[in-house]
Each structure stands twice: as structure tokens, then as C-alpha cells.
Amino acid sequence: MTIRVYNTLTKQKEPFETVAPAKVGIYLCGPTVYKESHIGHMVGPVIFDTIKRYLVYNGYEVHWVVNITDVDDKLIAQQHERGVPMSAIAEEMTIDYLNNLRALGVDQIDRMPKATEHIDGIIRFTQALIDKGYAYASGGDVFFDVLKDPGYGKLSNRRPDEQQGEGGGAASKKRSPGDFALWKSAKPGEPAWNSPWGQGRPGWHIECSAMSKAILGETFDIHGGGLDLVFPHHENELAQSECCHGKPMVKYWLHNGLLRKGDDAGKIGGRSDRESPGGKLSRSAGAGGLADVIAAQGGERIRFFLLKTHYRSTVVYGDEGLDEAAGNLETFYRFFERFQRMTGQRFFNLPAANTREAGNVEAASEPLSKVVRQLRASFLEKMDDDFNTGGAIGDLFELVRELNRHADQSRLEEVGNVKDPRIVGFVEATRVLRELSNILGLFRSTPAQRGGAAEGVVPKLMDLLIDLRKEAREKKDFFTGDKIRNALAQMNIMLEDRKGGATEWRMGGPS
RNA sequence: GGCGCUGUAGCCAAGUGGCUAAGGCAGCGGAUUGCAAAUCCGCCAUCGUCGGUUCGACUCCGACCAGCGCCUCCA
């Protein structure tokens, strides 16, 4: 019943206890919007979207913040390269990012602050660190002095004196190599803001410290991001905030694993584009922007694929896994269709409990209800244990199997009357599947990517062919009947005969 | 070199100090079907290697082997 989370700071699972009763503040590091997002940018949003759903389901009031970094060296480089103002590039790429989030069903984010909207707070934060002796101005830049912070390195488990630090021109202005910039002086032609240290812009890490403070407070519950951000980004954030406030910044640091390309050892994102020669993603899985991938695969497939594996694991991303996810989803989609045939109701319209408490009804003595309750409890147990979505999805499969089995054994197809108690009981049991899949953000509406009823004349032609085949079969002319079905199969159109003589058709197989 | 992660069936992937080690895919055998599709039933693993702790480890510790990530303003 108690939620436990793995905390990068302590390297162990801990009971989840909020700073303020029943309230949770979550800060997730979002993208630097200098070019289109890639699939790797979606891992954090999908898992944290799920985490928020689960916490809300458990009765917490959750405030989830994802920042947008819209000022940065890479953006400035793009500005020079494209001859387009940084702000325009940022705006364009932010829209791209938001579109991708929406396609994957990520709709739980409460606020998305931009770095450029918090320049004042960043300057105040920087000044405070200087005043307290943790930072120093040097030639128009301001650096954080890592040797002044006795706690520095505790998140990533490093010694400050071992750090290489960034090289180049900044190195000579630093007291020690591990020091990092809070404020950077601007060169001519670069975007700049006035500050006590002259024209300049924020360093990379300070924006998150300033924005999380402004929105979530000096101490909040969960800070998330990709595993690659542990060092230096989160280590530096942590140092800035705790030195500035003299109190813990975050209770739980959660880091998601990174994606790896399937076909070779290349990596996704980062600056490795030219360093991983064989690292191309296949066309369906990766070429073109993420928007193209989503268009080809469907957002739900990608979400399901990501949720199948525990969020802290490395996930190998490629066609193989995506195809498997597609096949897995078919199992559910087919059940939803069957459910509708039997009950006359759409699964996607089923009302279901949206809190743990509301869903916690007594199991009836009859077998279906009992096993459904058991699976529900098992699902929640998995989620309680550091949001084990992979294990929880296993329970969802079992749930569908139990529902199908029950429908088979009770011959629900033959009942005919949707008010029949057997049907009513079945609907009741299926509500639990809706309740649980909602937590994962799955099956919330009719899948967009499924084949089936097309527009225009095709459905009419299909009706005609199905009718002809039916007549042939009634005359025991199976040769003609099979000819129609096989020819359609060649066109990737599958016929499925139902009990009672109806025939349905669909485009394509699971993949 | 420093920090860290992973190694469970053909493949993907949960999990636990001691009942029959989830689930999915593929495969095999059945039920059902005119034949199919879908669905259901059954079969399919001793948990990288070697030691140690323990009454007992796949689960804890150590070593080793293998793969991977970060240490470079990559989520």
C-alpha cells in the first residue's frame, strides 16, 4: 500500500513521503528547443505522465513542471547557422515538442516555464550565491565554486577535484576546473540581458534551480530527468540550490534509463550523429523526425512500447520492439471490439474508478469478480514498487485473458440481451481493466492507427464481397468463398467470421 | 583511469532468501471453425561463471567473464 521509489541520491528504494501532506511537486528537465525532438525526449515525459497519473489516482494533489530551455549555446549556434532569431527557433521547436507530447498521450503537465521568462529570478539567484560566497564573478562571467560546497558530488558520487570541467576560453577564468558557469557574458550579436556583471545570459544549470524555486519552492518532492543528466546538470543544480537555500532541494531524484538504437550500438540524441556511422534508425522506427515516426507508428504504440520496460532500464529502440508492441496492442484492441459486440457498449466510454479508494470495492464471490480483484491488487502492488509498469502490464494481459475466458465459457456472444445479468456482470468486471489502463494512460480513446472501416466506397465494396462469399458458403461452395477470402488476404485485408454468420474485415495484421 | 548499470527460456521482459521463477512474442499439442482468423486450454527456464555467508540463494557478499552508460552544456 505504501509507494516506494528508487532515489538516485541514496541509491535505494525509499517509502514515498511528501514534503507537504498529500501534495506532490514534480520537476522534470525538459528539452533545449534548438531542433526537433527525437524519441529519446519522450521517455521522461511518458513515465512521469504515468507517475503523475498514479499519484493522483492515489489521492495526491500533484503539480508537475516541465521546463523549456530556450536560451543556450546550441540555440545561438542555430541562430547563426539558419539566420533566424533564437526566439523564433525556440518557438518553432517548442511547438514540435508539444505536438509530440500530445501524440503520446502526455497531457498531465501543469506548467512549462521558459528560461527566458525567469531571467530576473536567475540573476537574483546568482547574486545570492555570490553574496554567500559560493560563486564569483570573473571577466563578465559568474562561476560556481565547487570547492566551497562540501556536499558537491553527492548525487553523482564524484570528487570535485577530479572534474575535468569544460575547456576552452572559460577555463582560464575559473578558480578550479570543476567550476561551472552561472552567467555567461555575451559576445556581440548574441542574445543578451542586462545584469550586474554586464550583458550576458544564464548558464545551463541555473535556470532549473531558479524556476523550480519559483514554482515549486525551495524544497520539493521529485526531480526527474534522463540518467545522462545526473552529472553534471543535476549535480550542479543540487549544489546551487542547496548552497543558496541551506536546505535540501529535492526529496527524491528519479532518473529514467536511456534509449539505445536497436540495429547497432549507436546512441540516440546527443552529439553523436557523426560519431556513430552505423547508427541509423530504420525508416519506420526513426528516420525523418519524431513526428514522422509517430505518424507511422501511432502514439499509443510508442507509449506502450516505452511502458513495457521498467523506466530505469535501458530500452533498445527499434522495429523489433515496436512490432511486438503493435501485436500486443492488437490483443487489447480485439478485446475491446469483442466487448462492444457482446455488450453494445464502447470500452472507451466505460466509466471507471479514478481513485484507488473508489476502485477498491469488495470482490463478489463469483469467480470472475474474484480473479479480477486479485489482478487489480497485483497491478497496484507492482505500481507501488517504484512504478513497475512492465510488471503491471503483465497483469493487464492476464486480466484480458480472464475476461476472454469468461466470455468463452459463459457463451456471452449468445446472450443477446445487454440487460442480462451475465452481461451486466461482465461489464462490471471490464470496468477494472479500464480503471487500470487509465493509470498507464493507455486505451483512453479509439485507436487512431487501426485499420477497419475506411471511408468512401471501400466499405460498400467490402459489404458486397462479404455478401457474395456468404451466399457461396451457404451453398457449400467453399471454393468460391475461400477464393474471395484469399484474394483479399493478398491485399492485406483479413476476414473474420463471427458466430451467428456475421463477417467482419480489417486491414492488415498486427504489424 | 574514475563513477555507475546490466547479464532470467529461441527473442523481449517482471520478480523473490525457502510454496508451482509473472507476462508477451515465436514454437509445439489440443478445443472451437466447412477451412481460416480471433479466443480459450496445455507444453516450453533452475535465473552469466566460480567461490562465500546461510538450515536453505536465482535472490546477500566477493572474484571473474561479458555487454552497456556517464565522466564532453545529450532526455
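Protein chains get the first letters and strands the later ones, always in sequence-line order, with residue 1 at the start of each.
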Checklist outcome for this item: A/Glu413 atom CD is separated from B/rC40 atom P, nearest whole Å, by 12 Å
Checklist entry - So what does A/His205 touch, heavy atoms closer than 4.0 Å: a base, only the sugar-phosphate, or nothing? => result nothing
Checklist entry - Quick one: does A/Asn388's side chain have a donor or acceptor within less than 3.5 Å of a partner on A/Lys382's backbone? => result no
Item to check | Backbone of A/Lys154 reached by a side-chain donor or acceptor of A/Glu235 within 3.5 Å | outcome: yes
Checklist entry - What does A/Thr314 touch in the nucleic acid at a heavy-atom separation under 4.0 angstrom: a base, only the sugar-phosphate, or nothing? => result nothing
Checklist entry - Which value, in whole Å, describes the distance between the C1' atoms of nucleotides B/rG7 and B/rG48? => result 6 Å
Checklist entry - If pairing requires Watson-Crick or G-U wobble contacts with both distances under 3.5 Å, which nucleotide is the partner of B/rU49? => result B/rA63
Checklist entry - Across all strands, who's sitting opposite B/rA57 as a Watson-Crick or G-U wobble pair, both distances under 3.5 Å? => result none
Checklist entry - How would you label the contact of A/Ser313 with the nucleic acid (heavy atoms, under 4.0 Å): base, sugar-phosphate, or nothing? => result sugar-phosphate
Next on the checklist: Using Watson-Crick or G-U wobble geometry with both distances under 3.5 Å, which nucleotide pairs with B/rU32?
Outcome noted: none
Item to check | Complementary nucleotide for B/rC70 - Watson-Crick or wobble, under 3.5 Å | outcome: B/rG2
Checklist entry - Which one, B/rC41, B/rU39, B/rA75, comes nearest to the side chain of A/Asn404? => result B/rU39
Checklist entry - What residue among A/Leu101, A/Ile51, A/Val106 forms side chain to side chain contact (heavy atoms under 4.5 Å, CB included) with A/Val46? => result A/Val106
Checklist entry - Does a side-chain N-to-carboxylate-O contact under 4.0 Å join A/Asp408 and A/Arg405? => result no
Next on the checklist: Does B/rG4 have its OP1 or OP2 closer than 4.0 Å to a side-chain nitrogen or oxygen of A/Asn157?
Outcome noted: yes
Checklist entry - Using a cut-off of 4.0 Å on non-hydrogen atoms, how would the nucleic acid contact of A/Leu229 be classed: base, sugar-phosphate, or nothing? => result sugar-phosphate
Item to check | Nucleotide nearest A/Asn256 (side chain, heavy atoms from C-beta), chosen from B/rG4, B/rC40, B/rA75 | outcome: B/rA75
Item to check | C1' gap between B/rA22 and B/rA31, integer Å | outcome: 25 Å
Next on the checklist: Between B/rC35 and B/rC47, how many Å separate the two P atoms, rounded to a whole number?
Outcome noted: 44 Å
Item to check | Interatomic distance where CG belongs to A/Leu322 and P belongs to B/rC11 [whole Å] | outcome: 21 Å
Item to check | Spacing of A/Tyr6 atom OH relative to B/rG15 atom P, expressed in whole Å | outcome: 14 Å
Item to check | Full working for side chain to side chain donor-acceptor pair (under 3.5 Å) between A/Thr10 and A/Glu14 | outcome: CA-CA 9 Å; A/Thr10 58; A/Glu14 301 173 350; 2.5 Å; yes
Checklist entry - Okay, side chain of A/Asp386, backbone of A/Tyr6: is any donor-acceptor separation there less than 3.5 Å? => result yes
Next on the checklist: If I take atom CG in residue A/Asn236 and atom C1' in nucleotide B/rC70, what distance separates them, rounded to the nearest angstrom?
Outcome noted: 14 Å
Item to check | Whole-angstrom distance between B/rG67 and B/rG15, as gauged at atom C1' | outcome: 22 Å
Checklist entry - What integer distance in Å separates A/Glu381:CD from B/rA14:P? => result 17 Å
Next on the checklist: I'd like the P distance from B/rA45 over to B/rU20, given in whole Å.
Outcome noted: 15 Å
Checklist entry - Which base sits across from B/rC44 as a Watson-Crick or G-U pair, both distances under 3.5 Å? => result none
Next on the checklist: Under a 3.5 Å cutoff, is there a donor and acceptor pairing between the side chains of A/Asp72 and A/Thr32?
Outcome noted: no
Checklist entry - Counting only Watson-Crick or G-U wobble pairs whose two distances fall under 3.5 Å, which nucleotide matches B/rA38? => result none
Item to check | Span that lies between the P atom of B/rU49 and that of B/rG10, in whole angstrom | outcome: 13 Å
Checklist entry - Looking only at atom P, what distance separates B/rC5 and B/rC61, rounded to whole Å? => result 11 Å
Next on the checklist: Under 4.0 Å, heavy atoms only, any strand: does A/Gly30 hit a base, just the sugar-phosphate, or nothing?
Outcome noted: sugar-phosphate
Next on the checklist: Using a 4.0 Å heavy-atom cut-off, does A/Gln409 contact any base of the nucleic acid, only the sugar-phosphate backbone, or nothing at all?
Outcome noted: nothing
Next on the checklist: Determine whether the aromatic ring centres of residues A/Phe397 and A/Phe332 are separated by less than 6.0 angstrom.
Outcome noted: yes
Item to check | side chain to side chain contact (heavy atoms under 4.5 Å, CB included) between A/Leu488 and A/Trp505, worked out | outcome: CA-CA 10 Å; A/Leu488 288 171; A/Trp505 64 280; over 6 Å; no
Checklist entry - If you check the A/Asn388 side chain, which of B/rC41, B/rA14, B/rA75 turns out closest? => result B/rA14
Can you name the atoms? Protein N/O to nucleotides 20-24 of chain B N/O, anything below 3.5 Å, with the distance.
| residue | atom | partner | partner atom | Å |
| --- | --- | --- | --- | --- |
| B/rA22 | O2' | A/Glu398 | OE2 | 3.1 |
| B/rG24 | OP1 | A/Arg401 | NH1 | 3.4 |
| B/rG24 | O2' | A/Asn328 | OD1 | 3.4 |
| B/rG24 | O2' | A/Asn328 | ND2 | 2.3 |

Next on the checklist: Heavy-atom nearest nucleotide on RNA chain B for A/Thr32 versus A/Val315: which residue maps closer to 5'?
Outcome noted: A/Val315
Checklist entry - Checking all strands, does A/Gly44 fall into the base, sugar-phosphate, or nothing category for heavy-atom contacts under 4.0 angstrom? => result nothing
Item to check | Nearest heavy atoms of A/Tyr152 and A/Ala239, plus distance in Å | outcome: CD1-CB, 3.6 Å
Item to check | Distance, rounded to the nearest Å, where A/Leu403 contributes CG and B/rA38 contributes C1' | outcome: 16 Å
Next on the checklist: Please check: side-chain N/O of A/Asn100 versus main-chain N/O of A/Asp96, any donor-acceptor pairing under 3.5 Å?
Outcome noted: yes
Checklist outcome for this item: With B for base contact, S for sugar-phosphate-only contact and - for none (protein heavy atoms under 4.0 Å), nucleotides 31-37 of chain B reads ---BBBB
Checklist entry - What integer distance in Å separates A/Leu412:CG from B/rC40:P? => result 14 Å
Next on the checklist: In terms of relative ring orientation, are A/Tyr317 and A/Phe305 parallel, tilted or perpendicular, with 30° and 60° separating the classes?
Outcome noted: perpendicular
Checklist entry - What is the distance, rounded to the nearest whole Å, between atom CD of A/Gln12 and atom P of B/rG4? => result 14 Å
Item to check | Rounded C1' spacing from B/rC12 to B/rC65 in Å | outcome: 24 Å
